[in-house]
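Worksheet for the structure shown next.
In this chain, residues are counted from 1 in sequence order.
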Amino acid sequence: MMLPKADVIIPVRDGERYIAPAIASLAADAEFINKLIIVNDGSSDGTASFLSNLDWKGKIEIIHQPQLGLCTALNRALDAAETSLVARMDADDISMPGRLKAQIEYLEGAPDVAAVGAQVVTIDAEGRVTGDRSNYPLDANAIRDQLYKKGSCAISHPTVMMRKDAVLACGGYRTAFQHAEDYDLWLRLSERHHIANLPDAFLYYRLHQSQVASLFRARQSFSRDLALYAARERERSGRDPCEGLSEAPNFEELMRSASGPRTTIQALATAYDAIDAIQEKRRTSLTLAAVGAIPALAKMRYLGESRRRRYALIRTAAWTALTRFNFTTALEAYLAFLQCRIGDSKMFQSMARSLGATG
């Protein structure tokens with residue numbers, strides 16, 4: 001049986017250094033590519049010039065836009081896609097041979113799966129393998145559990161092949177979740193469909209200082225928390241508190257918003273406004289409001305997916321409270337730290353599962 005083809009979408013901004021090898025790596029799977037769709041998001045380097053000279057055997061569409069951001073670029077690429085299956089790729093990574101064929105075959109045999117990713121091998125800025133290989137969960141239940149209960153992204157965005165109609169039906173990429181738009185999408189998609197990962201590595205994932213995770217750490221972490229909060233509210237009430245948000249929220253505006261159902265969002269904004277100010281060297285210490293918000297948020301597994309980062313923030317909050325002689329808040333912070341450590345303990349989790357099974 002002849003396999004269908006997929007469109008491959010690549011957003012890029014100032015990707016002159018890496019985009020040539022990224023595109024070249026797709027040549028091995030060219031027979032499974034209907035069209036390569038590249039969206040140039042207002043690059044100021046030589047990216048536009050490189051793309052203007054790119055032929056790729058006529059199977060390419062170049063879209064130029066001003067700097068409107070990754071979400072807009074991805075949604076424009078999805079709209080331009082002609083095939084029912086759409087593969088993602090970043091302009092600084094390297095695709096391994098066989099990836100597209102393996103994912104098309106998988107999706108053809110699993111109609112209930114809306115998106116399938118793969119494992120990655122990390123490389124450094126110069127393309128040298130670092131030796132690290134991902135271990136993303138494979139089946140839908142484990143992926144949903146990691147996305148929702150553990151709050152971590154269980155699928156590598158640039159490895160994904162997805163069903164266009166399913167992604168569009170759940171709203172596509174949402175600009176409110178800047179730098180964590182993929183995590184928000186996987187949460188919403190996994191509420192309606194299965195998501196899977198292949199056990200094989202099919203992408204070299206490049207780590208370098210110009211990545212989103214390096215440049216926009218506070219905003220990415222906030223967007224992750226906002227997506228998790230929205231998912232929890234959808235499960236609890238069937239209502240999405242972020243419905244209608246057309247852009248990434250301003251921390252100060254959220255802090256001044258009305259109380260009630262948005263209290264958690266206000267707490268997140270209060271914490272991240274202080275964290276962002278410290279990272280940007282606009283402040284040297286946490287505000288008292290952030291000191292009170294951080295321990296409570298950490299107990300609910302907010303403040304990013306890194307446990308060590310949450311622990312560090314709780315300790316900072318506790319120490320700040322002590323230096324300001326607010327001993328009650330300091331005690332609450334240390335108790336929250338203990339609660340988080342126990343909750344994150346694999347031994348404690350194993351004991352809880354055993355008690356649940358015997359109960």
For [X] and [Y], which heavy atoms make the closest approach, and how far apart are they?
X: Leu297; Y: Ala271; result: CD1-CB, 3.8 Å
X: Leu286; Y: Thr320; result: O-CG2, 4.1 Å
X: Ala80; Y: Lys35; result: O-NZ, 3.3 Å
X: Tyr204; Y: Asp93; result: O-CB, 3.3 Å
X: Cys170; Y: Leu189; result: SG-CD1, 3.9 Å
X: Leu254; Y: Ala269; result: CB-CB, 3.5 Å

**Request:** Establish, yes or no, whether a centroid distance under 6.0 Å links the rings of His157 and Tyr205.
**Result:** no
**Message:** If you take the centroid of each ring, where Trp contributes its six-membered ring, are Phe177 and Tyr183 closer together than 6.0 Å?
**Reply:** no
Min side-chain heavy-atom separation [X]-[Y] under 4.5 Å:
X: Ile38; Y: Leu54; value: yes
X: Ser221; Y: Leu303; value: no
X: Asn197; Y: Val116; value: no
X: Met89; Y: Ser95; value: yes
X: Asp344; Y: Tyr311; value: yes
X: Gln279; Y: Ile275; value: yes
X: Asp124; Y: Leu207; value: no

Considering only NZ, NE, NH1 and NH2 on the basic side and carboxylate oxygens on the acidic side, decide whether [X] and [Y] come within less than 4.0 Å.
X: Glu235; Y: Arg232; result: no
X: Arg174; Y: Glu181; result: no
X: Arg234; Y: Asp240; result: yes

Does [X], at its [atom1] atom, have more than 12 non-hydrogen atoms belonging to other residues, nucleotides or ligands within less than 6.0 Å?
X: Asp112; atom1: CG; result: yes
X: Trp319; atom1: CH2; result: no
X: Arg282; atom1: CZ; result: yes

**Item:** Trace of the side chain to side chain donor-acceptor pair (under 3.5 Å) decision for Ser43 with Arg13
**Value:** CA-CA 5 Å; Ser43 295; Arg13 179 191 292 178; over 6 Å; no
**Request:** Give a yes/no verdict on a cation-pi contact between Arg315 and Tyr334, requiring under 6.0 Å between NZ or CZ and the six-membered ring centre and an angle within 45° of the axis.
**Result:** no
**Lys NZ or Arg CZ of Arg99 over Tyr106 ring: under 6.0 Å, within 45°** = no
**Prompt:** Do any pairs count as a side chain to side chain donor-acceptor pair (under 3.5 Å) and have a residue in residues 283-298, sequence neighbours left out, and if so which ones?
**Reply:** Ser285-Arg324
**Asked** With no hydrogens and no angle check, is any side-chain donor or acceptor of Ser152 less than 3.5 Å from a backbone partner on Glu305?
**Response** no
**Message:** Taking Gly151's backbone N and O only, do any of them form a donor-acceptor pair with Arg224's side chain (distance below 3.5 Å, no angle check)?
**Reply:** yes
**Item:** CA sep, side-chain torsions, deciding dist, call: Asn40, Gln65, side chain to side chain donor-acceptor pair (under 3.5 Å)
**Value:** CA-CA 6 Å; Asn40 175 28; Gln65 66 178 33; over 6 Å; no
**Prompt:** Are Asp184 and Tyr173 linked by a side-chain donor-acceptor pair shorter than 3.5 Å?
**Reply:** no
**Message:** salt bridge (charged side-chain N to carboxylate O under 4.0 Å, His left out) for Asp92 and Arg17? Distances and angles first, verdict last.
**Reply:** CA-CA 8 Å; Asp92 53 1; Arg17 181 178 179 185; over 6 Å; no
**Intermediate values then yes/no, salt bridge (charged side-chain N to carboxylate O under 4.0 Å, His left out), Lys5 and Asp7** = CA-CA 7 Å; Lys5 294 184 178 183; Asp7 284 337; over 6 Å; no
**Asked** Yes or no on side chain to side chain donor-acceptor pair (under 3.5 Å) for Gln119 and Ser134, after CA distance, side-chain angles and deciding distance?
**Response** CA-CA 5 Å; Gln119 309 303 320; Ser134 67; 2.8 Å; yes
**Message:** Working note: Glu191 + Arg188, criterion salt bridge (charged side-chain N to carboxylate O under 4.0 Å, His left out); need CA distance, chi angles, decisive distance, verdict.
**Reply:** CA-CA 5 Å; Glu191 291 168 5; Arg188 286 181 288 119; over 6 Å; no
